[in-house]
K.L.:
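What follows is a structure written as structure tokens; I'll ask about it next.
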2 protein chains.
Amino acid sequence: MAHDHSTLLEHIRQDMPTDELLQDLGDLFKIFGDTTRIKIMYALYEDEMCVCAIAELLGMTQSAISHQLKTLKSANLVASRRSGKTIYYHLSDEHVKSIIAQGYEHLTE
Amino acid sequence: MAHDHSTLLEHIRQDMPTDELLQDLGDLFKIFGDTTRIKIMYALYEDEMCVCAIAELLGMTQSAISHQLKTLKSANLVASRRSGKTIYYHLSDEHVKSIIAQGYEHLTE
DNA sequence: TGAACATATGAACAACTGTTCAAATGATAT
DNA sequence: ATATCATTTGAACAGTTGTTCATATGTTCA
């Protein structure tokens, strides 16, 4: 760290969001950073699904799916409605789709 | 997993990307899921920077930054050029900005 | 009320990740 | 050559994360 960057750094610091927001951004993307959760979000792309259907689709425990849905829900990425015994989850936000779509583009071009 | 979803699942399975792609998507977002890396990418938003300037900006070890730059580089999110002793990093892709921008929107509205 | 179904929850364990530290590489100038 | 600066690298350690298992909650129907 020998040569001088003071002017550059001062300029950049002004354009940077707060540490808190940057932390929140990281936390948000962390949630997209898991294959199971990505699969769940993709499954809900078109329409809502109940927990046991998602579990069957992914070939995973209903408990595992439920844990992940909780994570997704607490980040406001999915929402749910109850109908009798069954609880249906759906995407709560168009951003979910556009974030995934951007990632998809980065990979496939 | 008692009630029947076979028709639903068959339909959804056709619209799902391959497991490999879904895995890659998760891996990509995993890289965005860390505050240090988010900060680095934000720092490079406008212009290239050398490693020690980034370290000074974030108040972190140059070694820690270097490790993270390696991660970012291997995912083709940043690229570098050498000029004498110094190595300058820059964003390698417009997707970086749009992915972050989408996350930002999700948080701030 | 009791049985069956759908989902949620908590604790525990293995696997993964980010930082640190010490040492190595690469480039420049004297 | 050697000293110095900029960066990279590898091993190690602490902290975090995802799944499993067992159990609890909530709903419906007989």
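Just so you know, these numbers come straight off a predicted model, no measurement behind them. Labels below follow one simple rule: chain letters A, B, ... track the order of the sequence lines, proteins then strands, and each chain is numbered from 1.
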K.L.:
Measure the spacing between CZ of B:F32 and CD1 of B:I38 and express it to the nearest 0.5 Å.
P.N.:
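The distance works out to 6.5 Å.
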K.L.:
Here's a test of your reading of the structure: between A:Q68 and A:S83, which maps to the more 5' nucleotide of DNA chain D?
P.N.:
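Here A:Q68 is the residue nearer the 5' end.
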K.L.:
Can you tell me how far NE2 of B:H95 sits from CD of B:Q102, rounded to the nearest 0.5 angstrom?
P.N.:
11.5 Å
K.L.:
Whole angstrom is fine here: how far is it from CE in A:M49 over to C1' in C:dT7?
P.N.:
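Interatomic distance, CE of A:M49 to C1' of C:dT7: 15 Å.
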K.L.:
Nearest-Å distance, CG (A:L72) to P (D:dT17)?
P.N.:
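After rounding, the reported distance stands at 14 Å.
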K.L.:
With respect to the phosphate group of C:dT20, does any side-chain polar atom (N or O) of B:T61 fall under 4.0 Å of OP1 or OP2?
P.N.:
yes
K.L.:
Decide whether A:T36 and A:Q68 meet the rule of one side-chain donor and one side-chain acceptor closer than 3.5 Å.
P.N.:
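On atom types as modelled, these side chains do not qualify, holding no pair under 3.5 Å.
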K.L.:
How long is the line joining NE2 of A:H3 and C1' of D:dA6, in whole Å?
P.N.:
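One finds 8 Å between C1' of D:dA6 and NE2 of A:H3, rounded.
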K.L.:
Please report, rounded to the nearest Å, how far the P atom of D:dG18 is from the CD1 atom of A:I40.
P.N.:
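It is 11 Å, rounded to the nearest whole Å.
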K.L.:
CD1 of A:I54 to CG of B:L9: how many Å apart, nearest 0.5 Å?
P.N.:
10.0 Å
K.L.:
To the nearest angstrom, how far is B:D27 atom CG from C:dC16 atom P?
P.N.:
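B:D27 atom CG is separated from C:dC16 atom P by 12 Å.
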K.L.:
List the steps, then state whether side chain to side chain contact (heavy atoms under 4.5 Å, CB included) holds for A:L77 with A:L91.
P.N.:
CA-CA 6 Å; A:L77 297 174; A:L91 298 184; over 6 Å; no
K.L.:
To the nearest Å, give me how far apart NZ (B:K85) and P (D:dC5) are.
P.N.:
7 Å
K.L.:
Listing time: all N or O pairs from protein to nucleotides 8-10 of chain C that are below 3.5 Å?
P.N.:
residue : atom : partner : partner atom : Å
C:dA8   : OP1  : A:Y89   : OH           : 2.5
C:dA8   : OP2  : A:S66   : OG           : 2.8
C:dA8   : N7   : A:Q62   : NE2          : 3.2
C:dT9   : O4   : A:S63   : OG           : 2.6
C:dG10  : O6   : A:H67   : NE2          : 2.7

K.L.:
Distance only, no hydrogens: is a donor on one side chain within 3.5 Å (strictly under) of an acceptor on the other, for B:D93 and A:H106?
P.N.:
yes
K.L.:
In whole angstrom, give the distance that lies between atom NZ of B:K39 and atom P of C:dG18.
P.N.:
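Atom-to-atom, B:K39 to C:dG18, this comes out as 14 Å.
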K.L.:
With a 4.0 Å cutoff (strictly under), does any side-chain N or O of B:R37 reach OP1 or OP2 of C:dT17?
P.N.:
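No, outside the criterion.
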K.L.:
Mind calculating the distance between CZ (A:F29) and C1' (D:dT16) to the nearest angstrom?
P.N.:
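Checked: the CZ to C1' distance equals 20 Å.
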K.L.:
Do the ring planes of B:Y45 and B:Y42 sit parallel (below 30°), tilted (30 to 60°) or perpendicular (above 60°)?
P.N.:
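Ring orientation of B:Y45 relative to B:Y42: parallel.
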K.L.:
Strictly below 4.0 Å: does A:T86 bring a side-chain N or O up to OP1 or OP2 of C:dA6?
P.N.:
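Indeed not, no polar side-chain atom of A:T86 lies that close.
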